[in-house]
There are 2 protein chains.
Amino acid sequence: MNSFTEENYLKAIYKLTEQSVGNVTTNAIAEVMNTKAASVTDMVKKLADKKLVNYAKYQGVSLTKKGEDIAIQIIRKHRLWEFFLVNKLNFKWDEVHDIAEELEHINSSALIDRLDEFLGYPKYDPHGDPIPSKNGIFSANNFYKLLKLNEGDSGKVAGVCDHSNTFLQYLEKQKLGLGTSVYLTEKNEYDQSVVITTTDGRVLFLSKEVANNILIAK
Amino acid sequence: MNSFTEENYLKAIYKLTEQSVGNVTTNAIAEVMNTKAASVTDMVKKLADKKLVNYAKYQGVSLTKKGEDIAIQIIRKHRLWEFFLVNKLNFKWDEVHDIAEELEHINSSALIDRLDEFLGYPKYDPHGDPIPSKNGIFSANNFYKLLKLNEGDSGKVAGVCDHSNTFLQYLEKQKLGLGTSVYLTEKNEYDQSVVITTTDGRVLFLSKEVANNILIAK
DNA sequence: TATTTTTTTTAGACTAACCTAAAATATCCA
DNA sequence: TGGATATTTTAGGTTAGTCTAAAAAAAATA
Ligand SMILES: [Mn+2]
Ligand SMILES: [Mn+2]
Ligand SMILES: [Mn+2]
Ligand SMILES: [Mn+2]
């Protein structure tokens with residue numbers, strides 16, 4: 001079994017791998033893990049001993065198949081728990097991440113399989129992120145950044161790129177939760193801001209920054 | 001905040017206090033915590049520094065109000081999660097304890113309050129143990145040991161004294177789950193074994209040991 | 001009550017995960 | 001291409017929780 005700390009390192013390396021080309025650097029891990037480079041080196045050696053990462057001095061790390069499988073299972077648990085918190089316990093989407101950070105380390109595959117069944121095998125978490133299946137497969141989506149849509153396009157809010165509480169709460173305030181139907185009324189060339197209309201008739205002005213962080217399913 | 005280990009010590013001390021008169025001994029804690037007396041002494045000093053236990057060398061320990069409050073909250077979480085696992089995720093009563101041992105350390109009072117609400121504020125866990133309320137109050141029960149009932153008495157299985165998997169699985173096999181209605185047909189003076197009849201007409205022969213570990217609500 | 005046995009504490013050591021400071025290596029750029 | 005800068009690793013130390021062995025205190029018993 002792996003400790004919580006080891007699991008968190010694997011998850012961090014997985015997420016950094018998604019964002020970067022080539023191996024993940026020591027400093028990058030240190031930053032997301034909120035620790036020092038020296039500590040990362042120690043841990044990375046330990047993970048390499050356990051065959052969870054590939055590591056050579058000064059070369060950065062990559063996950064092995066085994067390490068990646070573990071990382072994906074943790075992400076699966078995280079997102080299933082987030083779905084549970086929002087859809088069964090009525091939490092808001094900006095309230096669940098920290099609790100899921102703890103729940104994701106509960107170690108029981110029976111638990112997570114039954115939770116998955118109880119929730120009806122959801123495909124996406126409350127932020128629109130795909131929930132990997134039991135065997136580690138992510139379902140593909142065809143979501144588009146609101147910023148990239150054309151005037152006249154319509155669709156539903158399907159996810160966010162920025163997961164910060166401030167952004168989620170901003171959308172909450174604008175009543176732009178997951179599933180909200182929107183219609184792109186106007187694109188402003190000058191500052192790339194957009195005007196959208198919701199199906200309940202509200203007209204909203206969104207900046208480039210906001211439009212860039214909203215994903216729409218057409 | 002307290003570590004998982006500290007929480008487990010507090011819970012162990014709480015449970016030992018229920019069973020014993022006077023202070024809880026170092027050796028007794030070592031036994032239930034599956035550790036050595038020397039380690040217990042170290043931890044007990046730390047808990048005393050944090051004002052969670054009263055401790056004087058060679059005198060054993062007792063929980064302070066603060067320590068007891070924490071212990072009760074952990075028991076609340078443990079039992080609510082057990083209820084969730086059995087009643088929402090369809091686990092058997094002999095499968096939930098170990099998972100609840102992990103879940104009980106998830107640190108969010110919002111989570112546990114909402115879980116409580118979601119579950120309909122249950123009063124007893126799947127083993128008949130009372131679930132303390134948010135403010136730490138256990139509801140009283142009037143359960144009787146099956147062994148102490150008289151011929152002709154009837155009632156429902158409301159709990160168990162032995163929480164071991166072997167005992168729970170034995171009852172499962174006999175279809176004597178929580179809520180089963182039973183009628184005491186016969187008491188055998190010689191070996192204190194009993195014969196009971198369930199409402200669905202099954203006649204069961206139970207030894208003294210078994211009858212002593214089943215709680216009945218009349 | 002004195003001696004033996006048991007319980008508890010202390011002393012000293014280990015591991016995991018972290019730290020700081022310094023050394024080693026890699027990268028950048030004039 | 002060589003020196004400056006940035007990154008990474010090493011060396012050595014800390015804390016929490018554990019351990020074993022030995023010392024101290026309490027309890028049991030003769
Ligand atoms: Mn999250
Ligand atoms: Mn999420
Ligand atoms: Mn339990
Ligand atoms: Mn229970």
Side-chain angles (χ1 to χ4, degrees), chain A residues 1-14 16-17 19-63 67 70-71 74 101-102 104-105 107, chain B residues 1-14 16-17 19-63 67 70-71 74 101-102 104-105 107:
Chain A
M1 230 350 75
N2 308 298
S3 68
F4 285 19
T5 310
E6 290 170 320
E7 290 189 350
N8 284 332
Y9 269 89
L10 292 175
K11 193 176 52 151
I13 296 166
Y14 182 90
L16 287 167
T17 303
Q19 296 163 25
S20 67
V21 289
N23 285 351
V24 174
T25 68
T26 303
N27 265 359
I29 298 171
E31 176 153 7
V32 309
M33 290 297 296
N34 237 298
T35 182
K36 297 299 151 82
S39 309
V40 173
T41 301
D42 283 351
M43 177 56 81
V44 150
K45 283 179 180 170
K46 202 173 119 192
L47 294 174
D49 287 346
K50 296 176 103 175
K51 312 278 184 211
L52 299 174
V53 301
N54 305 115
Y55 169 67
K57 268 192 200 178
Y58 296 103
Q59 305 305 127
V61 289
S62 62
L63 292 174
I70 294 169
I74 296 163
E101 283 293 306
E102 297 191 43
E104 73 189 6
H105 301 291
N107 181 28
Chain B
M1 231 347 79
N2 308 297
S3 68
F4 285 19
T5 309
E6 290 170 321
E7 290 190 350
N8 283 333
Y9 270 92
L10 292 174
K11 193 177 54 151
I13 296 167
Y14 182 90
L16 286 166
T17 303
Q19 295 162 26
S20 67
V21 288
N23 284 354
V24 173
T25 68
T26 302
N27 266 358
I29 298 170
E31 175 153 7
V32 308
M33 289 298 294
N34 236 298
T35 183
K36 297 297 151 82
S39 309
V40 172
T41 300
D42 283 352
M43 177 56 81
V44 148
K45 283 177 179 170
K46 202 173 120 193
L47 294 174
D49 286 347
K50 296 177 102 175
K51 311 277 185 213
L52 300 174
V53 301
N54 306 113
Y55 168 67
K57 266 192 200 178
Y58 296 103
Q59 305 307 125
V61 290
S62 62
L63 293 173
I70 294 169
I74 297 163
E101 283 294 306
E102 297 191 43
E104 73 189 5
H105 301 290
N107 182 27

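First the proteins, then the strands, lettered A, B, ... as listed; each starts at 1.
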Whole-Å distance between D:dA26 C1' and B:Lys57 NZ?
14 Å

Do A:Asn23 and A:Tyr55 pass the side-chain contact (heavy atoms from CB on, under 4.5 Å) test, and can you show the C-alpha distance, the side-chain angles, and the key distance before you say yes or no?
CA-CA 9 Å; A:Asn23 285 351; A:Tyr55 169 67; over 6 Å; no

I need the CD-C1' distance between B:Glu31 and C:dT8, as an integer number of Å.
16 Å

Once you apply a heavy-atom cut-off of 4.0 Å, does A:Tyr55 come out as touching a base, just sugar-phosphate, or nothing?
sugar-phosphate

Using whole Å, what does the distance between atom P of nucleotide C:dT10 and atom NZ of B:Lys36 come to?
19 Å

Whole angstrom value for the distance that separates P of C:dT10 from CE of B:Met43:
16 Å

Whole angstrom is fine here: how far is it from CD in B:Glu6 over to P in D:dT18?
10 Å

What's B:Ser39 touching, base or sugar-phosphate or nothing? Going by heavy atoms closer than 4.0 Å.
base

Please give me the minimum heavy-atom distance between B:Ala37 and B:Ala30, naming the atom from each residue.
N-CB, 3.8 Å

What is the distance from atom NZ of B:Lys11 to atom CD of B:Glu101, rounded to the nearest 0.5 Å?
3.5 Å

Nearest listed nucleotide, side chain of A:Tyr58, among C:dC19, D:dT18, C:dT25
C:dT25

Counting any heavy atom closer than 4.0 Å, what does A:Tyr9 reach on the DNA or RNA strands: base, sugar-phosphate only, or nothing?
sugar-phosphate

Look at the side-chain N and O atoms of B:Asn27 and state whether any lies under 4.0 Å from the OP1 or OP2 oxygen of C:dT6.
no

A:Lys50 NZ to C:dA16 C1': how many Å, rounded?
11 Å

Give the nucleotide from the list D:dT18, D:dT9, C:dC18 with an atom nearest to the side chain of A:Asp42.
C:dC18

What nucleic acid atoms does A:Thr41 come within less than 4.0 Å of, heavy atoms only: base, sugar-phosphate, or nothing?
base

Nucleotide nearest A:Thr26 when distance is taken to its side chain, options D:dT10, C:dT10, D:dT8:
D:dT8

Compare every heavy atom of A:Leu47 with every heavy atom of A:Tyr9, then report the nearest pair and how far apart it is.
CB-CD1, 3.9 Å

Taking for each residue the nucleotide of DNA chain C with the nearest heavy atom, is it B:Ala38 or A:Gln59 whose nucleotide lies nearer the 5' end?
B:Ala38

So, taking the atom named CD in B:Glu6 and the one named CG in B:Leu52, what distance separates them when rounded to the nearest 0.5 Å?
7.5 Å

Send over the distance from A:Asp49 CG to C:dT15 C1', rounded to a whole Å.
14 Å

Using heavy-atom distances to pick each residue's nearest nucleotide on DNA chain C, tell me which of A:Met33 and B:Ala28 is more 5'.
B:Ala28

Which is true for A:Thr5 with a 4.0 Å heavy-atom rule: it touches a base, it touches only sugar-phosphate, or it touches nothing?
sugar-phosphate

Residue-phosphate contact under 4.0 Å: B:Thr35 side-chain N/O, D:dC19 OP1/OP2:
yes

